[in-house]
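Quick note on labels: first sequence line is chain A, next is B, and so on, each numbered from 1.
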Amino acid sequence: MRTSDEELMMKCRNGDMSAFELLVMRYKDLITNFIYRSISDYHRAEDLAQETFLRVFRSAGRYEPKCQFKNWLYLIATNLCRNEIRDRKRRNTAYLDDLIPDNEDTSYVELMQDVSQLPDEVYEKKERQIIIQQTIDRLPENQRLALLLVSYQNLRYDEIAEVLECSVSAVKSLIHRARQNMKTLLIEVGIGESSHAKV
Amino acid sequence: MLKCENVQPQLSAYVDREMPLWTVRLIRWHLKRCPTCAHEAMRIQQTDKILQQLDPVKTSDNFLPDLMRCAAAITVIEREQISAIRRILRRLESSFAWMRYSFRTRMRPYAVAASLALIVSVVSLTLYQPRLPLPSNDALTLAQVPSEKQALLVEFEIVPINQFPKPHLSSNRRTSPFTPVDQHQER
């Protein structure tokens, strides 16, 4: 039987390191992906994911299983992402990492090994992914986070409301606006269907 | 009937299946009849499909060992800082929290059943009235009582309150016996 996250967290509270390790194993990829999609910087995303888990570990003593562990974890990660986005805005810094994906070389190598796709198809796919990521980056902070949580993390609206600390109706409207903006921005960059192509 | 301006803001929630079933049916019914809203819904789904084209990233191999090393360092520092009493208190606190958690998650049905049983027993005890013995029919009439014992019987008469005789008060008793007597009058 699969031990629940909350039970593992209670064990972790009592100093059980293996329980903490199991929790990290369960969520490390999800959290890193979420942070990476929010800030578009792979190395920084890994750092922030580690910081998220360390914060969980540090506050394990105060942990009360009032809400789902997953939501609490995403709440911490979201706060770290918000801080990072605001820091970047304040510094007004453009990172080279933002322009070139960090794991580009390795991904290309992996994709090139796939003989089912032609090299130009691989290149096109990669270019497309970069454009999509850049489009996501252009969304306002809250809309971006809400869209990422629903599209990539498959969280329910009530869970997102808990993570973003707002009401479910606010989440509904955030996601709707995010999708509308995304659709417009994707048409601008030439991906997706134009508004009057097909009615 | 639903209008387009009411349906379109709901389309995202409709695509994500984040609404009650009856609303889903209403919107589906509207989409069958309204090509504009149907197209809008299709475009939302397309946007979602485009978003799904991003490949997920994986954490590097050093992620977990580095993290566990940092966590272990935190534990050592904390152990050095926290005194034995605080450690015991923390252990107690965590076990209480664990009990609260397991009560909330596992014992809830039993707790509900026990409280219901308690409520029922308290209510039934409150409403229960023990039956008093009915007066027996073996009471004797006056004629049946032996004559030597008839004198022992207490006689009583029921008098209506308006016919109740007023107490006879003599004139000298009208003044209170405690009224001080005027010495001049006495002379």
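Taking the six-membered ring for Trp and thresholds of 30 and 60 degrees, A:F57 and A:F20 have ring planes inclined between 30 and 60 degrees apart.
Interface remark: A:A49 contributes backbone and side-chain atoms alike to the contact with chain B (heavy atom separation under 4.5 Å). Of the atoms belonging to A:S4, it is side-chain heavy atoms, and not backbone ones, that fall under 4.5 Å from chain B. With a 4.5 Å cut-off on non-hydrogen atoms, A:L148 does not touch chain B at all. Only the side chain of A:V150 comes within less than 4.5 Å of a heavy atom in chain B; its backbone stays farther off. For B:L67, the parts lying near chain A are the backbone and the side chain together; criterion is any non-hydrogen pair under 4.5 Å. At a 4.5 Å heavy-atom cutoff, the contact between B:E40 and chain A is made by side-chain atoms alone.
In terms of heavy-atom pairs under 4.5 angstrom with chain B, the leader among A:L54, A:V24, A:I175 is A:L54. Options B:D66, B:L64, B:L51, B:T47 differ in how many heavy-atom pairs under 4.5 Å they form with chain A, and the most are formed by B:L51. Your options are A:E21, A:Q180, A:M25, A:Q133, and the one with the most heavy-atom pairs under 4.5 Å with chain B is A:E21. In terms of heavy-atom pairs under 4.5 angstrom with chain B, the leader among A:I132, A:T32, A:L30, A:D158 is A:I132. Contact tally against chain B (heavy-atom pairs below 4.5 Å) for A:R177, A:E51, A:R156: the top residue is A:R156.
Salt bridge B:D48/A:K183: absent, no basic N to carboxylate O contact under 4.0 Å. A salt bridge does not link A:E124 to A:R128: none of the charged nitrogens lies less than 4.0 Å from a carboxylate oxygen. Using a cut-off of 4.0 Å between Lys/Arg side-chain N and Asp/Glu carboxylate O, A:D41 and A:R88 are scored as salt-bridged.
Judged by distance alone, the side chains of A:R138 and A:N181 never bring a donor and an acceptor atom under 3.5 Å apart. Donor-acceptor pairing under 3.5 Å is lacking for the side chains of A:D5 and A:Q68.
A:S151 OG to A:R37 CZ: the interatomic distance, rounded to the nearest 0.5 Å, is 11.5 Å.
Figure legend: B:R17 and B:Y14 shown as a cation-pi pair, the cationic atom lying under 6.0 angstrom from the six-membered ring centre and within 45 degrees of its axis.
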